[in-house]
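Input: a single structure, listed below in structure tokens.
Since we're looking at a predicted model, the values are computed, not measured.
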Amino acid sequence: MFSLCISPGTPASEAVIVAVVLLLRYWMASKTYVFSNEEVAMLVKQYAGQDHEQAFSKVVVELRKRYPGHILPDEDLQWVFVNAGGWMGSMCLLHASLTEYLLLFGTAVDTGGHSGRYWAEISDTIISGTFRQWKEGTTKSEVYYPGDTIVHEVGEATSVQWSAGTWMVEYGRGFIPSTLGFALSDTLFSTQDFVTMYYTVRVYLKALMLEAGTLLTEAGIF
């Protein structure tokens with residue numbers, strides 16, 4: 001699927017980086033995923049327009065039924081602030097692995113900024129509020145409403161703006177560790193809210209441990 005052409009003058013370090021990137025691309029293209037953005041979007045759309053807290057509760061219950069062992073237990077669910085690209089929101093991580101994540105996301109205040117540019121495809125399905133997006137290379141923005149799903153393609157960058165009271169369910173697929181630099185950069189270099197950074201890293205590690213345990217169980221190792 002992928003070819004690797006390395007000239008005699010190519011530094012060894014660059015060749016290793018290229019090889020690693022191609023191996024990751026091949027792995028992500030050939031592996032089996034737990035979720036799909038279409039399934040997540042169809043589930044969430046059932047509750048679009050409802051009170052977001054009630055809708056989130058219903059979504060979590062349904063996800064646990066459909067994907068047993070892949071959703072964090074209630075005691076590990078925690079709303080954590082996210083500062084990135086100049087905007088501020090809050091997330092509640094439900095699932096995470098090296099190649100997928102699923103979370104609840106939103107904001108109680110008007111906020112906006114840069115979307116980030118990721119090695120991952122990210123889709124958001126809105127439950128309440130409005131999401132305005134201005135795509136790179138265009139001169140007009142688009143507004144999305146409850147029930148709409150917005151897909152952020154791999155390598156894409158946009159301007160994003162959420163009205164107060166916008167809440168959604170977000171699913172990401174790609175090399176998830178590559179997204180952490182953007183997700184934590186404002187916390188590290190601007191807000192210096194290291195408590196939030198600790199919460200973020202801790203819940204991601206918990207999700208990785210849950211996923212590893214589930215995969216080992218399904219493989220009959222445990």
Do side-chain atoms of Ser159 reach the backbone of Ser115 as a donor and acceptor pair under 3.5 angstrom? no

Taking atom types as modelled and ignoring hydrogens, do the side chains of Thr196 and Thr187 form a donor-acceptor contact shorter than 3.5 angstrom? no

Quick one: does Thr214's side chain have a donor or acceptor within less than 3.5 Å of a partner on Gly69's backbone? yes

Pair Val169, Ile126 - check side chain to side chain contact (heavy atoms under 4.5 Å, CB included), show working. CA-CA 7 Å; Val169 178; Ile126 303 172; over 6 Å; no

Looking at CD1 of Ile176 and OG of Ser97, how far apart are the two atoms once the value is rounded to the nearest 0.5 Å? 6.5 Å

What distance do Glu153 atom CD and Glu121 atom CD have between them, rounded to the nearest 0.5 Å? 5.0 Å

Under 30°, 30 to 60°, or over 60°: which ring-plane class applies to Phe35 and His95, parallel, tilted or perpendicular? perpendicular

Tell me if a side-chain donor or acceptor on Arg132 pairs with a main-chain N or O of Val143 at a distance below 3.5 Å. no

Verdict with supporting geometry, Glu156 and Lys135, side chain to side chain contact (heavy atoms under 4.5 Å, CB included): CA-CA 8 Å; Glu156 185 178 24; Lys135 289 194 173 186; 3.4 Å; yes

Consider only side-chain N and O atoms of Thr130 and Ser163, and report whether a donor and an acceptor are under 3.5 Å apart. yes

Closest heavy-atom pair and its distance - His114, Ala157: CE1-CB, 4.0 Å

So do Leu188 and Gln192 actually touch side chain to side chain, heavy atoms under 4.5 Å? no

Has Asp148 got a side-chain atom pairing as donor or acceptor with Thr125's backbone, closer than 3.5 angstrom? no

Using the side chain to side chain contact (heavy atoms under 4.5 Å, CB included) definition, which of the options Asp76, Leu104, Leu72 pairs with Leu94? Leu104

For Asn83 against Asp186, the heavy-atom pair lying closest together: O-CB, 3.1 Å

Between Asp124 and Thr149 (side chain of the first, backbone of the second, donor and acceptor by atom type, cut-off under 3.5 Å), is there such a pair? no

If you group Ile, Leu, Val, Met, Phe, Trp and Tyr by side-chain heavy-atom gaps below 4.5 Å, do Leu180 and Tyr101 land in one group? yes

Using salt bridge (charged side-chain N to carboxylate O under 4.0 Å, His left out), reason through Arg66 and Glu39 one step at a time and then give a plain yes or no. CA-CA 10 Å; Arg66 296 189 185 188; Glu39 291 175 349; over 6 Å; no

Decide, yes or no, whether a salt bridge links Lys206 with Glu75 under the criterion of side-chain N to carboxylate O below 4.0 Å. no

Is a donor on one side and an acceptor on the other found under 3.5 Å between the side chain of Ser57 and the backbone of Glu53? yes

For the pair Phe131 and Tyr144, name the ring-plane relationship: parallel under 30°, tilted 30 to 60°, perpendicular over 60°. tilted

Nearest 0.5 Å, what's the OG-CE distance between Ser128 and Met168? 8.0 Å

Check for me, please, whether Trp162 and Tyr145 land in the same ILVMFWY cluster - side-chain distances under 4.5 Å, paths through other members count. no

Got a sec: does the CD of Gln46 have more than 12 other heavy atoms crowding it under 6.0 Å? yes

Please confirm whether the ring centroid of Trp119 lies under 6.0 Å from the ring centroid of Phe182. no

Examine the side chains of Gln50 and Lys58 and answer whether a donor and an acceptor come within less than 3.5 Å of each other. yes

Take Leu93 and Val203 through the test side chain to side chain contact (heavy atoms under 4.5 Å, CB included) and record every step on the way to the result. CA-CA 7 Å; Leu93 188 67; Val203 73; 4.0 Å; yes

Minimal heavy-atom distance between Ala108 and Ala164, with the atoms involved, is O-CB, 3.5 Å

Hydrophobic cluster membership, with links at side-chain heavy-atom distances under 4.5 Å among I/L/V/M/F/W/Y: are Val44 and Trp79 in one? yes

Answer yes or no: is there a donor N or O on one side and an acceptor on the other, between the side chain of Thr107 and the main chain of Val109, under 3.5 Å? yes

Run Phe81 and Trp87 through ring pair (Phe, Tyr, Trp, His ring centres under 6.0 Å) and show every step you take. CA-CA 11 Å; Phe81 278 139; Trp87 50 262; over 10 Å; no

As an exercise, state the distance from OG1 of Thr158 to CD1 of Ile150, rounded to the nearest 0.5 Å. 10.0 Å

In Å and rounded to the nearest 0.5 Å, what is the CG to CZ distance from Leu184 to Phe194? 11.0 Å

Common cluster, Met209/Leu98, ILVMFWY with side-chain heavy-atom separation under 4.5 Å: no

Evaluate the criterion side chain to side chain contact (heavy atoms under 4.5 Å, CB included) for residue pair His152 and Arg117; output intermediate values, then yes/no. CA-CA 9 Å; His152 186 96; Arg117 198 186 295 269; 5.8 Å; no

Separation between CD of Glu62 and CD1 of Ile71, rounded to the nearest 0.5 Å: 11.0 Å

Look at the side chain of Ser123 and the backbone N and O of Val151, then say whether any donor-acceptor pair between them is shorter than 3.5 Å. no

Distance-only side-chain donor-acceptor flag, His70 / Glu211, under 3.5 Å: yes

Hey, do the aromatic rings of His52 and Tyr47 have their centres closer than 6.0 Å? no

So, Glu100 and Tyr171: side-chain donor and acceptor under 3.5 Å apart, yes or no? yes

Are Leu205 and Leu210 joined in one hydrophobic group, where the rule is that I, L, V, M, F, W and Y side chains link up if heavy atoms are under 4.5 Å apart? yes

Do you know which two heavy atoms are closest between Ala48 and Pro146, and how far apart they sit? CB-C, 3.9 Å

Between Tyr33 and Arg173, is there a cation-pi geometry (under 6.0 Å to ring centre, at most 45° from the normal)? yes

Closest approach of Gln54 to Asp51 (non-hydrogen atoms, all atoms of both residues): N-OD2, 3.1 Å

